Amino acid sequence: MTIRVRYFAALREQMGRAEEQLAFEDLASVADVWKAVCRGKRLPEDVLCAVNMDYAGADTPVKDGDEVAFFPPVTGG
Amino acid sequence: MTIRVRYFAALREQMGRAEEQLAFEDLASVADVWKAVCRGKRLPEDVLCAVNMDYAGADTPVKDGDEVAFFPPVTGG
Amino acid sequence: MLIEIRSEAFDPLAELSRYQDASLPTARIGALAVFIGTMRDFNEGSSVHKMTLEHYAGMTERQLQTIVDEARNRWPFDDALVIHRVGELFPADPIVLVAVWSSHRGTAFDACRHILEALKHRAPFWKKESLEQGERWVRTNTDGHAPPPSP
Amino acid sequence: MLIEIRSEAFDPLAELSRYQDASLPTARIGALAVFIGTMRDFNEGSSVHKMTLEHYAGMTERQLQTIVDEARNRWPFDDALVIHRVGELFPADPIVLVAVWSSHRGTAFDACRHILEALKHRAPFWKKESLEQGERWVRTNTDGHAPPPSP
């Protein structure tokens with residue numbers, strides 16, 4: 001399966017990249033995606049997640065072709 | 001003593017005049033002014049009063065030279 | 001702070017631009033809340049082709065100043081602009097503009113809404129509507145906090 | 001209903017005029033509530049000479065549409081206009097415009113304020129401030145319901 005992972009704002013700078021493609025077989029949830037990109041670390045509480053541009057939780061399931069995004073609390077307006 | 005009495009909106013039309021000068025000796029309050037102009041009738045609850053352009057009640061005292069106004073509920077904005 | 005009674009039609013957005021450009025350090029303020037009320041061509045089931053707004057000159061300005069001062073004591077905003085029409089109005093004519101500038105959005109919204117409600121309840125203006133069947137005085141204001149009941 | 005993300009400076013009052021003149025039967029509507037947020041030249045005690053607004057293109061539009069739809073279900077207003085800047089901003093540049101037209105003033109105020117608060121909490125925008133000492137990401141939004149604590 002392939003997952004497009006995107007990072008925004010301060011998290012993008014911390015990760016040193018805006019996006020990447022993951023090709024693993026065993027990514028069941030958003031938490032799994034985070035672990036895959038962060039060498040096994042747990043998803044911090046102050047990182048927000050979206051799957052296909054809708055807000056998602058750590059246990060939201062992911063499937064082949066999904067776009068998963070991680071970002072800090074939003075500060076628009 | 002002389003009191004300038006003014007009427008606005010529907011009340012002005014009912015009274016048939018926009019203002020008048022009262023010259024009586026015994027006008028102690030807004031209620032007295034109303035009785036003087038309305039032949040002894042009591043001040044109705046839905047008539048608002050002002051003395052010198054500040055909202056007033058029936059028992060607000062009046063003195064020589066005051067401007068007393070009577071009008072219906074306001075409907076601006 | 002500017003409070004004006006106008007006897008001629010006015011363009012609220014143009015007035016806002018002009019006031020802001022002339023007197024406000026917008027880079028220090030951050031938030032602007034605005035209300036604009038416009039004459040409608042119907043009310044209580046009747047079509048209205050003209051409205052006459054009467055006011056108590058002198059008392060109106062005095063009451064509006066008190067209302068704006070009270071609001072500013074309660075919500076310390078930076079500036080406010082209030083313009084209200086009197087005279088003969090036609091459908092789509094602006095009736096009232098209330099604008100509040102503040103460094104905080106909550107303050108701007110609260111003060112703007114408060115000034116509008118206080119104006120409607122305390123400023124001595126009266127609306128008379130011209131209908132096909134004749135004229136009628138508007139008797140009371142609608143409630144500002146909830147939508148009117150469905151027809 | 002129009003929701004736009006702009007990468008160039010915009011004039012909120014001119015946009016409002018244009019939108020209203022082009023698409024709205026103002027004689028049937030009566031009430032317009034507006035919020036305009038502007039970039040300030042200071043924040044949390046530092047002077048800010050530039051701001052960069054990043055957004056998640058696609059998700060932003062989707063979230064804003066959901067927010068406006070939700071608000072309209074709760075407060076059945078007539079129309080709304082939402083414009084938000086992204087890119088490089090300088091002090092006094094408008095950041096956000098939220099306008100709601102309704103036949104009822106309470107509805108216009110409630111929906112306008114709700115859309116603004118929901119936008120601040122859910123639309124994926126991020127502000128980075130340029131100070132003399134360097135850059136910093138804004139970490140959280142201020143509360144919209146009460147004034148910030150005195151300095």
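Because the structure is a prediction, the values reported are computed rather than measured. Lettering follows sequence order; numbering is per chain, from 1.
- If you take CG on D:Leu89 and CE on D:Met51, they are separated by 5.0 Å, rounding to the nearest 0.5 Å.
- Applying the ring-ring contact (aromatic ring centres under 6.0 Å, His included) test to residues at least two apart or on different chains, none of the pairs has a partner in residues 10-32 of chain A.
- Residues A:Val33 and A:Phe70 meet the side-chain proximity criterion, which asks for heavy atoms closer than 4.5 Å.
- D:Val68 is listed as a side-chain neighbour of D:Ile115, based on a closest heavy-atom distance under 4.5 Å.
- Here D:Ile83 contributes atom CD1 and D:Ile3 contributes atom CD1; the two are 11.0 Å apart, rounded to the nearest 0.5 Å.
- The contact between D:Ala57 and chain A is made entirely by backbone atoms, counting heavy-atom distances below 4.5 Å.
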Please list every donor-acceptor pair closer than 3.5 Å that links chain A with chain D, giving the two atom names and the distance for each.
| unit_1 | atom_1 | unit_2 | atom_2 | d |
| --- | --- | --- | --- | --- |
| A:Ala9 | N | D:Glu54 | OE2 | 2.8 |
| A:Arg12 | NE | D:Glu54 | OE2 | 3.1 |
| A:Arg12 | NH2 | D:Glu54 | OE1 | 2.5 |
| A:Glu13 | OE1 | D:Trp137 | NE1 | 2.9 |
| A:Glu13 | OE2 | D:Lys128 | NZ | 2.3 |
| A:Met53 | O | D:Gln63 | NE2 | 3.2 |
| A:Asp54 | OD1 | D:Arg62 | NE | 3.1 |
| A:Asp54 | OD2 | D:Arg62 | NH2 | 2.8 |
| A:Tyr55 | OH | D:Arg122 | O | 2.5 |
| A:Glu67 | OE2 | D:Tyr56 | OH | 2.4 |
| A:Pro72 | O | D:Trp126 | NE1 | 2.9 |
| A:Val74 | O | D:Asn141 | ND2 | 3.4 |
| A:Thr75 | N | D:Phe125 | O | 2.8 |
| A:Thr75 | O | D:Lys127 | NZ | 3.4 |
| A:Thr75 | OG1 | D:Lys127 | N | 2.9 |
| A:Gly77 | N | D:His84 | NE2 | 2.8 |
| A:Gly77 | O | D:Lys127 | NZ | 2.6 |

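- In this structure, D:Val82 and D:Leu97 have side chains that are not in contact, with every pair of non-hydrogen atoms separated by 4.5 Å or more.
- Comparing D:Val96, D:Leu116, D:Val138, D:Val86 by heavy-atom pairs within less than 4.5 Å of chain A, the highest count is held by D:Val138.
- Between the CG atom of D:Leu32 and the CG atom of D:Leu16 there is a distance of 6.0 Å, given to the nearest 0.5 Å.
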